[in-house]
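Here is the naming used below: chain letters follow the sequence lines, and residue numbers restart at 1 for every chain.
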Amino acid sequence: MLNIKFIRENEKMVRAAILNKNEKVDLDNVLNLDQEKRKLQFEYDSNKAVQNKLSKQIPTLKKEKKDVSEIMNNMKELSLKNKNILSELNIVSKKFNYAMLTIPNIPSTDVPIGRDESDNEFKYEWGKKPVFDFVPKDHLELAKINSLLDQQRATKMSSSGFMGYYDKGAMLERALINYMLDFHIQKHGYTEISFPILVNRKAMIGTGQLPKLENDMYRIEQDDLFLVPTAEVSTTNFYAEEILASKDIPVKFVSYSPCFRREAGSYGKETKGLQRLHQFNKVEMVRFVKKEDSYIALDEMKNDAEEILQSLGLHYRVMNLATGDLSFASAKTYDLEVWAPGTNRYLEVSSISNFEDFQARRALIRYRNENDKLEFVHTLNGSGLATPRLVISLLESYQNESGSIDFPENLKPYLK
RNA sequence: GGAGAGUUGCCGGAGUGGUUGAACGGGACGGUCUCGAAAACCGUUGUGGAUUUACGUCUACCCAGGGUUCGAAUCCCUGACUCUCCGCCA
């Protein structure tokens, strides 16, 4: 959520952000509601002031045994009038609050302006594409040869878009999760947490998935709970409605969770095999930092994620997302795209984002600064990493001509 | 799922209709005292909104949302959560 005062004073910038992010928001409506709300608030406050003042006189007058019937009658009228104003104010406030939730965050100044992912800016790459003296197979062929995946049975018991891992495949995935968690905990100083993957509406609004993406989320109607699309939701909401002491931040959390995405309308879009699933596993990093530190933290987190890929010897490139590809809540996002030689594509395995105070305003996460003043924290998160595409890249990068796989040394202790 | 108890400020805890943003105690912060510290004493100590150049003023908030009333932390209704006991259960 943006600060309404900021919106009033920087209307142009907000309009540009909405346009560049391909969002459809009626900003005029927001500004009108804001004005109307303030007008009603003023009316209510000044009427209430009169009412309170008169009301305080009543007990004294009564003690002096004076007749209060006339003043009471006047008060009745005043009170009724103000109640009407209040109910109007409540209606306008609700509309205003909702409208505020539909305004996206403003992209940082060094985010390239562009329509979609084709405008993402290439920053740099690490390693080289592996060279094979045979035609590399894609991960589905390799999985078949080694009996690692079973999509048919997953679909049988669930529905399309779900994947099953079998034998060494299941072990590999579990190994990766543990490997990455240990890596971030031991080498990068994160604290592991594990919180519900079924969360309420408020939490989903807090991190910005709602109201925009309701159709892309799995929802338990009976309880109005949502399956998280990422551990970001439960991890960032850890501190919702709390005030942190200056000494308690920065906070660095890492959390593993399954992630659920309906991906409504994305069928046929590079969905083969492990590329795009309704359910997948992911290790997620989240940071809470002071506002002046968030861009340094963003770079650190990008490195944290990169080191996983480096330690596994996988070639990848780093992209600075263009405004049109940036998520609703993000101010700046780096994507790490790992190379998959058999699929012959770069695959996104990590998004690392700085939300500045956008999520903190929604979820009400604040801290006391050195001067004891309350400030909104800056929140960040980054995948570290998502397993399915990492599995694709590992299988395809480390394949032999026979179809067997030689996993990197670092992973071997986890594969026993 | 059944029965009961509760939810007040940083914490403990009072407050059952009127000047209560909230007694009292603790903590924290500032000051006096001291070579320094402790003790003692004095003072300060919430958040949002509106308005103001500013000092300030007004308003809202005692789990949330409604209601009664001239007036609600206090009465009524609905909901959430916590605790205790019983049932069920990995």
Check: A/S246/A/K290 side-chain N/O donor and acceptor closer than 3.5 Å: yes
Work out how far the P atom of B/rU20 is from that of B/rC85, and round it to whole angstrom. 42 Å
Nearest listed nucleotide, side chain of A/A49, among B/rA50, B/rC70, B/rC58: B/rC58
Compare the minimum distances between each of B/rA50, B/rG66, B/rC70 and the side chain of A/N90, then state the nucleotide with the smallest one. B/rG66
Whole-Å distance, A/D223 CG to B/rG79 C1', equals 15 Å
For atom C1', what is the distance between B/rA60 and B/rA5, given to the nearest Å? 31 Å
Can a side chain N or O of A/Q51 be found less than 4.0 Å away from OP1 or OP2 on B/rG71? yes
When the C1' atoms of B/rG12 and B/rG49 are compared, how many Å lie between them, rounded to an integer? 31 Å
Side chain of A/R38: nearest nucleotide among B/rG18, B/rU51, B/rU59? B/rU51
For A/K39 and B/rU51, give me the distance from atom NZ to atom P, rounded to whole Å. 14 Å
Would you say that more than 12 heavy atoms from the other residues, nucleotides or ligands in this model lie under 6.0 Å from the NZ of A/K168, or not? no
Please state the C1' separation for the pair B/rG48 and B/rU34 - nearest whole angstrom. 44 Å
Does A/K212 qualify as a cation-pi partner of A/F328, given the criterion of NZ or CZ under 6.0 Å from the six-membered ring centre and within 45 degrees of its axis? no
Should B/rC24 form a Watson-Crick or G-U wobble pair with both distances under 3.5 Å, which nucleotide is its partner? B/rG12
Can you check the distance between B/rA22 and B/rC33, where both ends of the measurement are the C1' atom (answer in whole Å)? 34 Å
In whole angstroms, the gap separating C1' of B/rA50 from CD of A/E36 amounts to 16 Å
Assess the side chains of A/T343 and A/E396: does a donor N or O sit below 3.5 Å from an acceptor N or O? yes
Can you tell me if the side-chain N/O atoms of A/K48 get under 4.0 Å from OP1 or OP2 in B/rU59? no
Taking any strand in view, what nucleotide pairs with B/rU68 in a Watson-Crick or G-U wobble way, both distances under 3.5 Å? none
Which one is paired to B/rA90, where only Watson-Crick or G-U wobble pairs with both distances under 3.5 angstrom count? none
Taking CG from A/L374 and C1' from B/rG46, how many angstroms apart are they, rounded to a whole number? 9 Å
Taking only N and O in the side chain of A/S79, is any of them less than 4.0 Å away from OP1 or OP2 of B/rG71? yes
Pairwise C1' distance, B/rU52 and B/rC42 [rounded to whole Å]: 33 Å
Considering just the side-chain nitrogens and oxygens of A/N52, establish if one lies under 4.0 Å of OP1 or OP2 belonging to B/rC70. no
Counting only Watson-Crick or G-U wobble pairs whose two distances fall under 3.5 Å, which nucleotide matches B/rG4? B/rC83
A/K56 NZ to B/rG71 P: how many Å, rounded? 15 Å
Along RNA chain B (nearest heavy atom to each residue), the more 5'-positioned of A/K62 and A/K94: A/K62
Salt bridge (charged side-chain N to carboxylate O under 4.0 Å, His left out), that's the test. Do A/D110 and A/K332 meet it? Break it down for me. CA-CA 8 Å; A/D110 58 348; A/K332 179 170 180 172; 2.5 Å; yes
Which label fits A/Y239 and A/F288: parallel for a plane angle under 30°, tilted from 30 to 60°, or perpendicular past 60°? perpendicular
Look through every strand shown and name the nucleotide pairing with B/rA50 as Watson-Crick or G-U wobble, where both distances are under 3.5 Å. B/rU57
Euclidean distance for P, B/rG31 against B/rG25 (whole angstrom): 23 Å
Is it the case that B/rG18 (base atoms only) and A/S55 (side chain only) share a donor and an acceptor within less than 3.5 Å, ignoring hydrogens and angles? yes
Going by purine N1 to pyrimidine N3 plus the second Watson-Crick contact, or the G-U wobble pair, all under 3.5 Å, which nucleotide sits opposite B/rA37? none
Using 30° and 60° as the class boundaries, would you call the ring planes of A/H188 and A/Y190 parallel, tilted or perpendicular? perpendicular
With respect to the side chain of A/K76, which nucleotide from B/rA60, B/rG18, B/rC70 is positioned closest? B/rC70
When you compare the side chains of A/E232 and A/T207, does any donor N or O come within less than 3.5 Å of an acceptor on the partner? no
Atom CG of A/D45 and atom P of B/rG56 are separated, to the nearest Å, by 19 Å
Atom-pair distance (NZ on A/K37; P on B/rU59), nearest Å: 18 Å
The side chain of A/K83 is closest to which nucleotide in this list: B/rG71, B/rC70, B/rG49? B/rG71
Does B/rU47 have its OP1 or OP2 closer than 4.0 Å to a side-chain nitrogen or oxygen of A/R368? yes
When the P atoms of B/rU57 and B/rG21 are considered, how many whole Å apart are they? 15 Å
5' precedence on RNA chain B between A/M72 and A/T60 (nearest-nucleotide basis): A/T60
Paired with B/rC29 by Watson-Crick or G-U wobble geometry, both distances under 3.5 Å: which nucleotide is it? B/rG43
Could you state the atom-to-atom distance from CD1 of A/I243 to P of B/rA28 in whole Å? 19 Å
